[in-house]
2 protein chains.
Amino acid sequence: METRELRYFVAVAEELHFGRAARRLGIAQPPLSRAVQQLERRLGATLLERTSRGVALTDAGAVLLREGRAALDAVAAAERRTRRAAAPAGSPGLVLVTKAGASTELLAKLLDAYAAEPGAVDVDVVLCGIGEQERHLRDGRADVALLHRPFDSTTGLDTEELHTEDQVALLPAGHPMTARPHLRVDDLAAIPGLPMPRRRRDDGSYPDGPGPEVHDNTQLLQLVALGRATAILPESVRTHLHDDMVAVPVIDAPSVTTVIAWPPHSRSLPLAQLIRTATRL
Amino acid sequence: METRELRYFVAVAEELHFGRAARRLGIAQPPLSRAVQQLERRLGATLLERTSRGVALTDAGAVLLREGRAALDAVAAAERRTRRAAAPAGSPGLVLVTKAGASTELLAKLLDAYAAEPGAVDVDVVLCGIGEQERHLRDGRADVALLHRPFDSTTGLDTEELHTEDQVALLPAGHPMTARPHLRVDDLAAIPGLPMPRRRRDDGSYPDGPGPEVHDNTQLLQLVALGRATAILPESVRTHLHDDMVAVPVIDAPSVTTVIAWPPHSRSLPLAQLIRTATRL
DNA sequence: AGCCGCGATACCCGCCGGGTATCGACGGCG
DNA sequence: CGCCGTCGATACCCGGCGGGTATCGCGGCT
């Protein structure tokens, strides 16, 4: 199976429309139809159910969509990492990816400590959207990530725990509940007029519910400060708070563990040293 | 990057010889040279150092060899799993791989328990050489494996622990040490005339040392029974012993954990049910 | 009935992957 | 020291395949 065929099939499977997929791929529709047919013949499997009004995935097609994405990521990773390995000295030796607006202190400490090590290489820091870090590791855009359990999935990655912290509720200053020594999750759900914002999911959609839609932490903090929302966040957000917000411990929220994660078959000395530095912090 | 190019490069990188690689690939040597040159041009990287007497890998080439193998495995997995998903009912629903000659009781119990579950599918059992299981999972030849820590690597796999056991030393019946209630690893290393056999490594070579070379457990047991060797093995081997051998606990050997492992992104109901059954044993 | 949207088919062209023949560089050996 | 053997690169040719345009066939909607 060639990567071209896989790319073509994945495009059709995602669009569920040969015409749109062809446009996305920058080719005409007939060759795309033909390529997918040929793939189906070679696999001996029907991947798509065609009706004259559109396309639907078969079970086998769903399997190939999932596995094919993983395979294309692996190919992309091979390509990117080879390019990086061949790049002249001075380019980034390691790329670290983490969520935008999280772990800033831990990250700063880690980068400082690592830079002080003998033989340290340049580290590029990439900030990306929630849930995108694992993808960056799998397709070679990054070598190592800072993830936050239980929010981020770490399946298929090697990890070391760095830090665990409890979560706090963020309330507008002056709210009656700020007087309480601690809260429970149910207390917050019951506050009238202070809904929990809905974060954008990986696929771009938002969960149902009453709260406002947000997609980054800055927006969220602003909404809390304005008295329009509340939120449960790791206690390290306290360092970002001014006196317009108050943090109250939430005793029954799951605690958050920051982990350093990397693709399992990585074998680079700088990466090993960065991980060692991280675990010693 | 096309899988064809990757396959070609991997063949050359493994053979370190264009002619042999071409023969292995079933093509002539000139197109192979050209394909690798084209790959190098596209990547903007020198992958191989050519001398008129042969070929050596550059750093970038070593990266692409490792990453490329992983990518080709992922492509092969996509292909195999799709074929399986499309195969008519009656073909194996799950393929389980484990070391030849290990975990037989646990495996039998697991298969029995799973077969009794409602909705269970057929399970094919594949026995393979030591260290080959991970590869079977990664390239789609198997869906799930029984592994033994700390011997098998589980990096990049999801696992659940099933069973932990201590290790025992296997001695020929009548040996003076069989009178001892327990032993230490150092005691065994010091026995004259009873060396530890050398097991074949993944690459087919054997470690240096005095012991005989073996590559499976049957051979090993035979050598012990003949009074030509000793070995440290999980205590479950006791069930295979006749009265020609004696097992003595080794108190400082690492204990062995049997785990069930699967590729991290698997999403099949039968697999989930098998894993659930396994953890409940 | 007629039109429209969508995927499949028919047919053509140019490029690229594969083949054979040969070259050029290097090392070994008589 | 010159000859030869080995090995990768180059030159050149051919056929097939990937990609393009034009068109068909089917189904749903109005």
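Below, chains carry the letters A, B, ... as their sequence lines are ordered, and counting in each starts from 1.
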Considering only heavy side-chain atoms of A:Ala28, the closest of C:dG7, D:dT21, C:dG19 is D:dT21
(message) Between A:Glu5 and A:Arg42, is there a side-chain heavy-atom distance shorter than 4.5 Å?
(response) yes
Only residue of B:Glu14, B:Glu15, B:Gln29 satisfying side chain to side chain donor-acceptor pair (under 3.5 Å) with B:Arg20 is B:Glu15
Exercise for review: Report yes if some heavy atom in the side chain of B:Asp122 is under 4.5 Å from a heavy atom in the side chain of B:Leu94; otherwise report no.
Suggested key: no
When rounded to whole Å, the CD to P distance for the pair A:Glu2 and C:dG17 reads 10 Å
Taken to the nearest whole Å, OH/A:Tyr8 to C1'/C:dG7 is 17 Å
Per atom distances to the A:Arg34 side chain, the nearest of D:dG20, C:dG18, C:dA8 is D:dG20
* Verify the contact: side-chain N or O of B:Arg50 to OP1 or OP2 of D:dA9, cut-off strictly under 4.0 Å; return yes or no. => yes
A:Leu32 CG to D:dG20 P, in whole Å, measures 10 Å
Taken to the nearest whole Å, CG/B:Leu16 to C1'/D:dT6 is 16 Å
In whole angstroms, the gap separating C1' of D:dG19 from CD of A:Glu5 amounts to 15 Å
Taking C:dG18, D:dT21, C:dT20 as options, the one with an atom nearest any side-chain atom of A:Pro30 is D:dT21
Atom CG of A:Leu25 and atom P of D:dG18 are separated, to the nearest Å, by 15 Å
Flag the pair B:Glu79 / A:Leu43 as yes when at least one side-chain heavy-atom distance between them is below 4.5 Å, and no otherwise.
-> yes
(request) Determine whether any donor atom in the side chain of A:Arg4 lies under 3.5 Å from an acceptor atom in the base of D:dG18, or the reverse, and answer yes or no. (result) no
**OP:** State, with a plain yes or no, whether a side-chain heavy atom of A:Arg135 is found less than 4.5 Å away from one of A:Arg141.
**Re:** yes
In A:Asp143, A:Asp124, A:Val126, A:Val144, the residue satisfying side chain to side chain contact (heavy atoms under 4.5 Å, CB included) with A:Leu96 is A:Val144
The bend of the helix from C:dA1-D:dT30 to C:dG30-D:dC1, taken between the axes of its five terminal pairs at each end and rounded to 10°, is 10°
Query raised in the report: Does a nitrogen or oxygen in the side chain of B:His17 sit under 4.0 Å from OP1 or OP2 of D:dT6?
Result: no
Taken to the nearest whole Å, CD/B:Glu15 to P/D:dT6 is 18 Å
From CD of A:Gln29 across to P of D:dT23 the rounded distance in Å is 15 Å
Under 4.0 Å from OP1 or OP2 of D:dG8: is there any side-chain N or O of B:Ser33 that close? no
Q.
Counting distance alone, no hydrogens or angles: does the base of D:dA9 have a donor or acceptor under 3.5 Å from a partner atom on the side chain of B:Gln37?
A. no
>> Can you confirm whether B:Asp59 is buried at CG, in the sense that more than 12 heavy atoms of other residues, nucleotides or ligands lie under 6.0 Å from that atom?
In response: no
Note to self: Less than 4.0 angstrom between a side-chain N/O of A:Gln38 and OP1 or OP2 of D:dG18, yes or no?
What the structure shows: yes
